[in-house]
Enquirer: 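Structure provided below as structure tokens; questions to follow.
The model shown is predicted, which means the values in this text are computed figures rather than measured ones. Each chain gets a letter, A, B and so on, in the order the sequences are listed, and its residues count up from 1.
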Amino acid sequence: MKRSEYNIKEIENKWKKRWKDENLYRTDITSKKNKYYVLDMFPYPSGAGLHVGHIKGYSATDIVARYKRLKGFEVLHPMGWDSFGLPTENFAIKTGKNPNIVTEENTSEFKKELINSGVGIDWDREITTSDPDYYKFNQIIFLKLYKKGLAYKKKSPVNWCPSCKTVLSNEQSVGGICERCDSKIEIKNIDQWFFKITDYADRLLNDNKNLDWPESTKKMQEKWIGKSIGAKIKFKLKDLDKSISIFTTKPETIYGTTFIALAPENKSLDNLFDSNTKKAISEYRKNLTPQSEVERKKDVKTGVFTNLYAINPTNNEPIPIWVADYILMEYGTGAIMGVPAHDKRDMLFAQKHNIKIEYVLNEKKPYEKSIMIKSDYKGMNVSEARKNIVESIKDAEWTTQYKLRDWLISRERFWGTPIPIIYCKNCGEVPVDEKDLPVLIPDDIDDYRPTGKPPLEKSKKFTNVKCPKCKGKAKREAKTMDTFVDSSWYFLRFIDNKNTKSIGNKEYINHWLPVDLYIGGNEHAVGHLLYSRFITKFLYDEKILNFDEPFTKLRHQGLIYGEDKRKMSKRWGNVVTLKFAIEEYGADAIRMYEMFMAPFKQYSSWETRSIIGINKFLTRIWNLQYITSKSKNNEEDFLTNELIKTIENNIEKGKYNICVSEYMKYVNRVEELNSITKENLEKFLIILSPYAPFITEEIWEKIGNTYSIHKSKWPEILNIENKNTHILIPIQINGKFRGEIYIEKDSPEEIVLNKVLDDNKLKEKIKNNEIKKVIYIKNKILNIVI
RNA sequence: GCUGGGGUGGCGGAAUAGGUAUACGCGACGGACUUAAAAUCCGUUGGAGCAAUCCAUGCGGGUUCGAUUCCCGCCCUCAGCACCA
């Protein structure tokens with residue numbers, strides 16, 4: 001055969017065009033074949049473009065998708081754009097450029113680079129969340145939640161900069177100071193929209209048990225939901241006809257309660273304060289430590305005495321009531337019983353404010369093993385005492401608390417989904433009629449700068465509307481939705497993305513979902529993944545879906561750091577763009593390299609010299625076509641068959657790095673043999689094609705096969721025996737490796753042992769020592785104990 | 001502090017129903033080809049030692065004929081969470 005050069009650019013350009021023109025990766029949603037749905041967390045199309053780290057996850061999903069296609073599955077591997085959000089809006093603020101145009105430019109660049117990388121996407125299913133055809137369904141889901149009382153409005157504290165007149169995120173208000181103008185931030189209560197995810201707390205907590213997710217991710221969600229069981233206990237106030245409720249998970253320590261502390265926001269006793277106390281407390285509340293500084297001042301527990309006392313229900317002792325900012329209003333009842341002896345924080349508080357410390361139990365290593373040393377329950381262990389105490393106190397009841405809070409979904413931002421609510425003077429809060437959706441982002445705004453009011457309010461034609469009920473004058477809600485709403489259901493939309501009437505054809509959605517394999521970064525362990533589970537469960541309850549968990553199997557990819565082992569960032573100047581890398585080394589090399597460099601889930605650093613090694617390897621693969629031979633070879637058949645097994649196994653396990661080294665070992669051996677049959681080369685190309693789709697397609701064609709290798713079949717695993725009759729096995733003496741000998745396969749122990757005793761070198765080592773024991777594992781090892 | 005990962009050559013990393021530790025690759029060194037270089041190819045490459053051999057999978061114990069793998073006790077490191085009563 002005439003030799004030709006491995007011309008990367010020519011090959012990659014040729015095939016990416018043909019695959020696109022002929023729609024090679026189209027998914028037939030109506031197919032009767034077994035389905036496989038593999039999904040990437042869809043990207044935010046930023047102006048910075050993709051760097052080599054982004055393609056790691058997409059390469060892995062593409063490998064799995066191609067592998068499953070070859071195995072006969074109908075595969076769905078779609079892609080879309082999470083295009084609403086701050087960076088685009090900020091870019092618009094800076095440049096005055098319309099966010100729609102910015103998004104369009106960015107997504108088309110992203111798409112081009114994915115195609116260049118050889119990722120096999122069915123682009124007819126592309127979705128863009130800032131597209132009205134998409135965000136219409138955000139609004140529909142909102143309305144469904146609203147109808148069920150799961151979307152509601154309430155006043156909620158936000159970080160407010162009085163000088164910029166804008167709401168700030170926690171990140172923008174570090175240290176209680178505005179990021180832009182250095183003014184002191186205030187806490188302001190304004191109307192906000194929430195989704196009532198707390199109604200689903202228990203299901204979100206319990207249903208993760210059967211999911212094939214990383215244990216750490218499941219744990220993080222469990223912690224985030226934070227279920228704890230305890231008691232709500234009422235403490236009567238001394239000399240007053242009033243009581244205060246506290247929540248505790250350790251009711252058994254109630255005998256050690258030496259104070260009560262209220263959250264600063266807890267106003268339930270305000271009208272009982274005398275005038276001096278009132279002054280002191282309002283002063284205290286004004287000077288509250290901003291949330292972000294709490295961390296630093298953790299060991300300083302400030303508070304103010306209220307001059308009021310409560311009665312400990314177990315012994316009728318009066319105990320002082322304080323207001324302290326280490327108590328959170330949002331958790332429990334916004335009040336605690338302070339037990340300094342058995343709680344670190346209470347201890348710090350008591351020490352600072354000279355409050356009595358009363359030990360009631362003898363604390364042991366696992367807390368549950370502690371023993372009561374005081375009270376009627378002296379000598380009892382914690383769990384017994386706990387049960388008895390809660391039952392004996394009249395004003396106590398068991399209760400469950402969660403850390404999970406409702407999902408705040410409203411934003412005073414331009415570039416997001418408008419919330420479909422109208423405010424009417426007569427009818428109040430009125431939901432927009434479904435037939436009037438989508439509520440579009442107005443097109444008559446060209447100044448996106450924040451003014452303290454939601455930007456959409458600037459558009460008169462948007463804001464001033466008729467009430468859907470009474471047709472009177474009304475105003476539209478101008479807040480937009482959190483972008484996590486967009487991503488909480490996008491995986492449903494790929495099935496039937498052109499459907500304008502519903503999220504998609506129910507039958508097909510229920511056939512294709514849940515997602516079989518979901519890959520993305522672990523930074524979404526709680527946010528996106530929890531919200532998606534919530535919305536899925538809600539749509540299940542609405543009988544739209546017949547499954548209530550969206551992602552059966554989840555895996556996280558580790559980040560790729562820069563060559564300097566720092567996170568890739570403009571700041572360090574260590575970013576390797578995908579565009580550059582493909583230009584320089586080719587897509588096949590980038591893909592193989594990223595799979596090879598480290599275990600998939602592990603962080604690793606880019607190393608240019610290593611990718612060159614992969615390039616050499618691809619060239620050697622290219623040259624295999626010139627050593628094809630007709631002569632059959634048992635070893636070659638055997639190795640090919642073994643390789644198929646190994647690759648299959650490791651793709652299923654997600655051990656992509658092992659696959660690459662196995663390909664290398666195979667090629668090393670074939671080169672040694674200096675021959676490969678056409679049949680084995682074809683098999684090798686097929687099983688390599690998920691990793692290196694371009695070069696394999698080209699060689700496939702060159703050795704006379706019909707288009708396309710990606711539509712061929714994964715080779716069967718055959719029952720091929722290695723015909724070598726002799727094998728080399730290691731010999732140990734006292735567990736240490738001392739040599740190896742050739743034996744006939746399946747030889748019994750005596751024969752092997754005799755061979756060892758015949759071997760001059762080994763015989764020498766045993767010498768006159770008595771052989772105490774021989775351990776022989778057939779075809780594997782022989783150990784002689786002397 | 002809590003939760004979850006990790007500690008194996010100069011580097012990225014293999015190997016766990018206990019069975020030749022360091023596969024595969026990078027780098028390095030030596031050689032071939034070349035006027036020369038690049039590319040390519042062939043060797044060598046955990047440490048010590050002339051050698052037999054000894055020592056090495058974070059540290060210390062244990063179980064076992066045999067431990068990177070299992071058990072007990074530590075150390076270090078990365079990531080996430082963190083005043084949640």
Enquirer: For RNA chain B, which ranges pair as stems of 3 or more consecutive Watson-Crick or G-U pairs, with both donor-acceptor distances under 3.5 Å?
Expert: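 So far as stems of 3 or more pairs are concerned, RNA chain B shows B:1-7 with B:75-81, B:10-12 with B:24-26, B:27-32 with B:40-45, B:46-48 with B:53-55, B:58-62 with B:70-74.
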Enquirer: Does A:Asn734 put a side-chain nitrogen or oxygen below 4.0 Å from OP1 or OP2 of B:G66?
Expert: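 Indeed not, no polar side-chain atom of A:Asn734 lies that close.
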Enquirer: Hey, does the side chain of A:Lys655 come within less than 4.0 Å of B:A23's phosphate (OP1/OP2), counting only N and O?
Expert: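 Answer no for this pair, as no side-chain N or O of A:Lys655 is under 4.0 Å from OP1 or OP2.
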Enquirer: Tell me whether the OP1 or OP2 atom of B:A85 has a side-chain N or O from A:Ser228 closer than 4.0 Å.
Expert: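 It does, given that an N or O in the side chain of A:Ser228 lies less than 4.0 Å from OP1 or OP2 of B:A85.
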Enquirer: Taking only side-chain N and O atoms of A:Lys761, does any of them lie within less than 4.0 angstrom of OP1 or OP2 on B:U53?
Expert: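 No, outside the criterion.
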Enquirer: Identify whether any heavy atom of A:Gln602 sits under 4.0 Å from a base atom; if not, whether one sits that close to sugar-phosphate; answer base, sugar-phosphate or nothing.
Expert: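 Sugar-phosphate: the residue A:Gln602, judged by heavy atoms under 4.0 Å, touches backbone atoms but no base.
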Enquirer: Pick base, sugar-phosphate or nothing for A:Gly613, based on heavy-atom distances below 4.0 Å to the nucleic acid.
Expert: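 Sugar-phosphate only.
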Enquirer: Between A:Glu563 and A:Ser605, is there a side-chain donor-acceptor contact under 3.5 Å, judged purely by atom types and distance?
Expert: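 Short answer, no.
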Enquirer: Under 4.0 angstrom, heavy atoms only, what part of the nucleic acid is A:Ile327 near: base, sugar-phosphate, or nothing?
Expert: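 Base: the residue A:Ile327, judged by heavy atoms under 4.0 Å, touches a nucleobase.
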Enquirer: Just jot down the salt bridge (Lys or Arg N to Asp or Glu O under 4.0 Å) partners of A:Glu635, sequence neighbours excluded, or say none.
Expert: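 Checked A:Glu635 against salt bridge (Lys or Arg N to Asp or Glu O under 4.0 Å); matches are A:Arg669.
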Enquirer: Per the side-chain hydrogen bond (donor to acceptor under 3.5 Å, both in side chains) rule, what does the pair list look like for residues 245-260 of chain A, sequence neighbours excluded?
Expert: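 Checked against side-chain hydrogen bond (donor to acceptor under 3.5 Å, both in side chains) - neighbours excluded - the pairs reaching residues 245-260 of chain A are A:Glu252-A:Tyr367, A:Glu252-A:Arg386.
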Enquirer: Looking across every strand, which nucleic acid part, if any, lies under 4.0 Å from A:Ser216 by heavy atom: base, sugar-phosphate, or nothing?
Expert: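 Touches sugar-phosphate only.
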Enquirer: Does A:Gln732 reach a base, just sugar-phosphate, or nothing at all? Heavy atoms under 4.0 Å.
Expert: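 Contact class for A:Gln732: base.
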Enquirer: Report which part of the nucleic acid A:Ser604 touches: base, sugar-phosphate, or nothing (heavy-atom distance under 4.0 Å, all strands).
Expert: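 Contact class for A:Ser604: none.
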Enquirer: Answer with base, sugar-phosphate or nothing: what part of the nucleic acid does A:Thr619 contact at a heavy-atom distance below 4.0 Å?
Expert: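 No contact at all - A:Thr619 keeps every heavy atom at 4.0 Å or more from the nucleic acid.
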Enquirer: So does A:Lys219 get a side-chain nitrogen or oxygen closer than 4.0 Å to the phosphate oxygens (OP1/OP2) of B:G4?
Expert: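 Yes.
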Enquirer: Is there a side-chain polar atom (N or O) of A:Lys773 under 4.0 Å from OP1 or OP2 of B:C65?
Expert: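 The answer is yes; a side-chain N or O of A:Lys773 sits under 4.0 Å from OP1 or OP2.
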Enquirer: Over all strands shown, is A:Asp346 touching base, sugar-phosphate only, or nothing at heavy-atom distances under 4.0 angstrom?
Expert: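 Nothing, no nucleic acid heavy atom in range.
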Enquirer: Any base atoms under 4.0 Å from A:Lys772, or only sugar-phosphate, or nothing? Heavy atoms, all strands.
Expert: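 Nothing, no heavy atom under 4.0 Å.
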Enquirer: Rounded to the nearest 0.5 Å, what separates atom CD1 in A:Ile741 from atom NZ in A:Lys761?
Expert: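 Going from the CD1 atom of A:Ile741 to the NZ atom of A:Lys761 covers 12.5 Å.
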Enquirer: Could you tell me whether A:Pro599 contacts a base, only the sugar-phosphate backbone, or nothing, with contacts defined as non-hydrogen atoms closer than 4.0 Å?
Expert: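 Sugar-phosphate, backbone atoms only, no base.
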Enquirer: Report which part of the nucleic acid A:Lys780 touches: base, sugar-phosphate, or nothing (heavy-atom distance under 4.0 Å, all strands).
Expert: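 Sugar-phosphate only.
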Enquirer: For A:Glu662, is there an ion pair with A:Lys665 - N to carboxylate O distance below 4.0 angstrom?
Expert: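 Looking at A:Lys665 and A:Glu662, the cut-off is met.
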Enquirer: Can you tell me which nucleotide in B:A14, B:U20, B:G25 comes closest to the side chain of A:Phe737?
Expert: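 That would be B:U20.
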Enquirer: Please determine whether any donor N or O and acceptor N or O are separated by less than 3.5 Å between the side chain of A:Lys301 and the base of B:C83.
Expert: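 Looking at the base of B:C83, it does pair with a donor or acceptor on the side chain of A:Lys301 (distance under 3.5 Å).
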Enquirer: For this output row, return yes or no: ring centroids of A:His556 and A:Phe600 closer than 6.0 angstrom.
Expert: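 No; A:Phe600 has its ring centre 6.0 Å or more from that of A:His556.
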Enquirer: Does a nitrogen or oxygen in the side chain of A:Asn783 sit under 4.0 Å from OP1 or OP2 of B:U64?
Expert: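 For B:U64, neither OP1 nor OP2 has a side-chain N or O of A:Asn783 closer than 4.0 Å.
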Enquirer: Looking for any heavy atom pair under 4.0 Å, which part of the strands does A:Phe596 touch: base, sugar-phosphate only, or nothing?
Expert: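 Answer is base: heavy atoms of A:Phe596 come under 4.0 Å of a base.
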Enquirer: Please check the phosphate of B:C54 (OP1 and OP2 only) for any side-chain N or O of A:Arg738 closer than 4.0 Å.
Expert: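 True: A:Arg738 side-chain N/O within range (under 4.0 Å) of B:C54 OP1/OP2.
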